[in-house]
Colleague: 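Please see the structure below; I have some questions.
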Amino acid sequence: MKRIRATLIDADYVTKEGRPVVRLIMKGKTFFRMYDESFEPYFYVEVEDLGRGKKELAGVRVMDRGKEAVVKKVEEAELWVRGKKKVLLKVICKHPSHVPLLRSEVAKAGSIYEHDIPFARRYLMDRKISPFDEVEAECEGRIIRKIKKVGEGTVQLRALAFDIETYNPRGEPDASKDPVIMISYAGETSGVLTYKEVEGAEFVRRVAGEREMIEEFCALLRREDVELMLGYNSGVFDLPYLKERAERCGIKLAVGRDGGDFKVRRRGMNDVAKITGRIHVDLYLVARFLGIIGAIKTPQYTLKKTYAEIVGKEKEKAISKAEVWRLWDDAERRRELADYSLDDAVSTKELGDKILPMEIELSRICGATLFDVVGASASQLVELLLMRRSSEKKMLIPNRPDDEEAGRRKVPVKGAYVKMPKAGIYDNLAVLDFRGLYPSIICSYNLDPFTLEKEGEETENIYLSPAGHAFSKEKKGIVPMVLEEILDKRARVKKELRKWEKEPESSQYRQLYARSQALKVLANSYYGYLLYSRSRWYSREAGESTTAWGRHYIREMEKKAEKAGFEVVYMDTDSLFLGLGSKGKKEVKAFLKEVNESLPGKMELELEGFYPRGVFVMKKGSGRKDVTVTGAKKKYALLDENGRIKIRGFELVRRDWSKIAKDTQMAVLEAILKEGSKEKAKNIVKQRIEELRNGKTKKEDLVIYTRLRKGVRKYEVISPEVAAVKKAQAKGIKVEERGLIGYVITKRGKRVSDKARLAELAEDYDANYYIDRQILPAVMKILGELGYEEDDLKMSGKQSRLGDL
DNA sequence: GCGGACTGCTTACCT
DNA sequence: ACAGGTAAGCAGTCCGCG
């Protein structure tokens with residue numbers, strides 16, 4: 001027996017003589033594999049009568065296409081079931097693939113639970129080890145006898161980013177015909193593999209042909225002993241394309257450590273490729289995840305845009321995809337393609353360096369492999385951690401809801417409170433907000449599906465929510481338990497982070513920062529998870545109570561602020577905008593101190609910032625003559641103390657408005673907020689209108705972008721963007737139907753839809769549309785506030801309205 | 001036949 | 001395919017209107 005220590009990197013399982021063997025990838029001095037034969041698949045069954053259930057289950061045997069699945073053993077297991085202790089039957093079988101075969105037969109004896117947890121993940125849960133933990137194993141050869149966590153691992157994985165270029169004379173490349181022409185890589189070394197002469201590029205290695213290039217790429221992976229492969233969209237494009245090309249060249253795509261290729265597994269909406277013996281991460285999936293949770297904001301998730309957003313600089317090289325084949329065929333310009341290809345790989349690598357640390361922390365925290373975490377949705381991450389902790393606490397993991405229970409979604413839960421602002425320009429505002437309002441409510445009131453007490457059965461010791469639901473104070477629910485762990489951990493990480501603040505480039509700072517981000521992502525997802533119709537720990541009552549308490553506390557703050565003499569200008573969910581009037585920062589801070597003393601433990605109202613000036617605009621349709629001056633919610637602009645403008649909700653932050661309208665709105669806002677100059681604002685607008693009339697506006701400033709979520713035939717209402725695509729198709733032009741559509745409103749036609757043309761096909765533009773439906777509505781919101789009429793802006797010195805025609 | 005009021009569909013935003 | 005709250009545009013429909 002030998003003892004080894006290493007960092008756990010990955011886990012899966014293989015089958016040996018019909019038995020599952022867990023395979024762990026570890027890294028100590030080297031990267032190596034270990035096996036554990038001692039773990040068996042199991043699930044639980046809840047039965048009415050233990051004795052009878054045992055008898056029924058022990059005899060279960062299913063034959064399916066020559067494959068036999070039997071129940072190997074049945075044991076009793078005491079667990080917490082929906083908040084109460086209960087004895088269930090633990091059914092052990094021979095192979096994970098037998099579980100689905102046994103399911104329907106077993107269901108005859110009782111209700112089946114925990115039958116859909118992947119084998120290797122179950123192993124990690126039960127052994128209480130996580131990827132990126134430092135583990136100690138007792139072993140004989142490569143066989144593990146015992147394993148435990150001894151600390152946190154710190155590893156540097158040998159990473160290599162790659163990218164392929166394909167020949168595409170007909171637009172989209174077709175793997176059955178079009179060869180791969182270049183493979184670029186960036187790791188410890190970087191370069192480009194290809195098979196045509198590229199002059200003067202010392203980073204290019206020329207081989208005999210496509211087959212040799214693919215072989216050389218695989219050889220490179222072996223030579224460099226790559227542990228982590230990074231790609232961008234590589235799971236759906238590069239790898240499958242390479243595989244098909246390899247087959248057509250009569251070779252195998254030997255990218256795996258075992259000489260094999262990769263397997264694609266579908267996870268939710270995503271396809272994820274798994275390479276044996278290496279970790280493959282498709283950074284596109286990570287980028288999209290960051291977009292969905294709101295951590296980044298790009299209109300599209302192309303490598304170029306994602307790179308700019310995350311790395312914070314523009315990607316060096318850019319060529320049009322349609323150009324690729326031309327550059328390849330042109331010996332003079334082939335160098336450009338090689339440069340571009342290399343730049344893609346290098347950028348992918350840089351992107352990985354930035355965003356992988358957070359994924360690694362998520363993997364560590366949730367106890368699931370990188371493979372499981374990359375491409376997982378926020379709710380899946382929440383669930384991974386809940387399942388692990390639930391199982392540790394001997395609590396039965398609830399099943400995913402079946403389709404019938406998805407009827408949960410029917411009646412929406414009442415959400416947050418948003419106060420109607422009065423339109424106008426304000427001086428001296430203070431913005432206050434609750435840090436993590438919903439998470440702190442869930443923790444403070446023990447909100448959980450199984451701490452809920454049924455009506456009429458409430459005990460003494462309860463929290464009664466404003467929504468009328470009672471939650472036990474005594475037994476702690478798993479949801480608040482795990483959430484509290486996350487919040488506490490994050491508080492500690494942030495404290496530690498402050499110690500490293502002066503060295504933001506240090507590995508310590510970076511790791512702590514990534515961890516803090518990961519914890520934040522998780523904490524913010526719990527409320528949504530409670531109300532997500534397909535979650536295992538769904539609880540309408542807990543979700544409803546979260547928002548009800550949220551409304552309660554924010555309204556409470558409103559009352560107190562008013563009583564303290566502030567004008568409460570606006571509120572949304574967890575924030576308050578106070579008009580200071582004659583008061584100053586001192587009074588705001590005193591107010592915060594006072595209210596925070598009255599708030600329960602985890603809840604805290606914080607100062608977000610002071611703003612010398614702010615604008616709230618009128619809601620469309622509520623005219624100025626209307627005495628109420630109703631403002632629009634979720635639309636405002638603030639000028640901070642450093643002269644920076646913070647804008648929310650305005651047309652200019654939306655991608656479905658033209659650049660000309662957005663730029664003009666921004667210019668007006670700046671003139672008003674920074675200089676307080678109506679005159680300047682007015683002149684800007686007049687100038688832009690003039691340019692439009694004279695046909696001087698650039699086409700790209702007129703493009704309106706909208707995303708089509710479904711194919712054009714599926715729309716019942718033909719909106720301009722749908723009409724534009726249809727018109728292009730009628731001309732025989734191939735257009736990607738789903739995705740971001742850019743269109744321009746032209747002169748021909750009556751309705752807006754008739755006038756819309758895809759941006760690349762538009763030959764003219766309708767100045768009146770851009771004036772009346774883009775610039776003026778965007779700008780009048782702000783200038784209308786100052787007593788301007790549309791005509792003041794439309795008429796220039798030289799022209800009268802009559803002259804327009 | 002046309003304009004205004006209204007509804008419904010749709011997208012993108014805010015917290 | 002984590003929640004709800006909100007603004008807004010355009011298409012389409014209904015209705016009045018000699």
Side-chain angles (χ1 to χ4, degrees), chain A residues 267-270 288-289 292-294 297 299 375-383 400-401 406 408-409 411-421 431 433-438 442 521-535 537-540 542-544 546-548 550-551 554 570-576 608 617-622 630-636 646-657 661 704-710 714-723 740-741 745 750-756 769 772-774 777-778 781:
Chain A
R267 184 157 43 246
M269 295 280 282
N270 303 326
R288 236 194 24 199
F289 173 75
I292 289 168
I293 62 169
K297 198 174 169 284
S377 66
S379 70
Q380 285 170 314
L381 294 174
V382 164
E383 203 156 87
R400 281 206 198 91
R408 287 164 170 180
R409 56 174 72 219
V411 189
V413 163
K414 192 172 174 193
Y417 170 69
V418 186
K419 185 184 169 92
M420 183 67 80
V431 177
D433 57 24
F434 279 108
R435 171 178 47 99
L437 178 65
Y438 288 173
I442 294 169
V521 168
L522 280 170
N524 289 339
S525 303
Y526 274 72
Y527 155 71
Y529 179 80
L530 281 175
L531 290 174
Y532 172 43
S533 59
R534 299 185 62 176
S535 79
W537 278 271
Y538 175 85
S539 172
R540 185 187 172 87
E544 224 164 38
T546 309
T547 56
R551 292 191 301 272
I554 201 74
Y570 177 62
M571 299 159 70
D572 187 350
T573 313
D574 56 1
S575 62
L576 296 122
E608 197 268 331
V617 294
M618 267 185 291
K619 191 167 148 179
K620 177 92 190 179
S622 56
T630 314
K633 296 171 174 178
K634 299 188 190 279
K635 281 196 172 190
Y636 59 86
K646 179 175 165 176
I647 298 158
R648 295 290 178 262
F650 274 112
E651 284 72 10
L652 75 92
V653 302
R654 296 177 61 105
R655 70 168 168 213
D656 56 355
W657 281 74
I704 298 165
Y705 293 95
T706 327
R707 193 159 60 114
L708 292 188
R709 295 166 188 268
K710 45 190 182 186
K714 297 199 170 148
Y715 284 87
E716 28 184 312
V717 177
I718 307 305
S719 54
E721 56 273 23
V722 173
L740 205 62
I741 305 292
I745 301 304
K750 198 170 164 224
R751 289 173 306 178
V752 181
S753 300
D754 301 331
K755 292 161 168 277
Y769 174 83
D772 293 331
R773 306 283 189 93
Q774 292 274 321
K781 290 217 158 79

Colleague: If you assign Y417(A) and Y438(A) each to the DNA chain C nucleotide with the nearest heavy atom, which residue ends up on the more 5' nucleotide?
Modeller: Y438(A)
Colleague: Is the shortest distance from a Lys or Arg side-chain nitrogen in K634(A) or D572(A) to a carboxylate oxygen in the other one below 4.0 Å?
Modeller: yes
Colleague: For the pair made of CZ in R707(A) and C1' in dT11(B), what is the distance, rounded to whole Å?
Modeller: 9 Å
Colleague: With pairs defined as Watson-Crick or G-U wobble and both distances under 3.5 angstrom, please note down DNA chain B as a dot-bracket string, | for pairing with another strand.
Modeller: |||||||||||||||
Colleague: With distance as the sole test, does R655(A) use its side chain to make a donor-acceptor pair with the main-chain N or O of R707(A) at under 3.5 Å?
Modeller: no
Colleague: Checking I718(A) now: which residues fulfil side-chain contact (heavy atoms from CB on, under 4.5 Å) with it, not counting sequence neighbours?
Modeller: V722(A), A723(A), K726(A)
Colleague: With rounding to the closest Å, how many angstrom separate the P atoms on dT10(B) and dA1(C)?
Modeller: 15 Å
Colleague: Could you state the CG-P distance from D656(A) to dA12(B), rounded to the nearest angstrom?
Modeller: 6 Å
Colleague: Would you mind reading off the distance between F650(A) atom CZ and dA8(C) atom P, rounded to a whole angstrom?
Modeller: 10 Å
Colleague: Would you mind reading off the distance between Y636(A) atom OH and dC13(B) atom P, rounded to a whole angstrom?
Modeller: 15 Å
Colleague: Quick one: E651(A) CD to dT11(B) P, roughly how many Å, whole number?
Modeller: 18 Å
Colleague: side-chain contact (heavy atoms from CB on, under 4.5 Å) for L530(A) and Y526(A)? Distances and angles first, verdict last.
Modeller: CA-CA 6 Å; L530(A) 281 175; Y526(A) 274 72; 5.8 Å; no
Colleague: Counting neighbours of NZ on K710(A) that are heavy atoms of other residues, nucleotides or ligands and sit closer than 6.0 Å, is the number greater than 12?
Modeller: yes
Colleague: Between Q380(A) (CD) and dA1(C) (P), how many Å, whole number?
Modeller: 12 Å
Colleague: Mark yes when over 12 heavy atoms from residues, nucleotides or ligands other than R551(A) sit less than 6.0 Å from its CZ; otherwise mark no.
Modeller: yes
Colleague: Can you tell me how far P of dA12(B) sits from CD1 of I741(A), to the nearest Å?
Modeller: 11 Å
Colleague: Starting at atom NZ of K634(A), determine the distance to atom C1' of dG4(C), rounded to an integer number of angstrom.
Modeller: 8 Å
Colleague: Report yes if at least one side-chain N or O of R654(A) is closer than 4.0 Å to OP1 or OP2 of dG9(C); otherwise report no.
Modeller: no
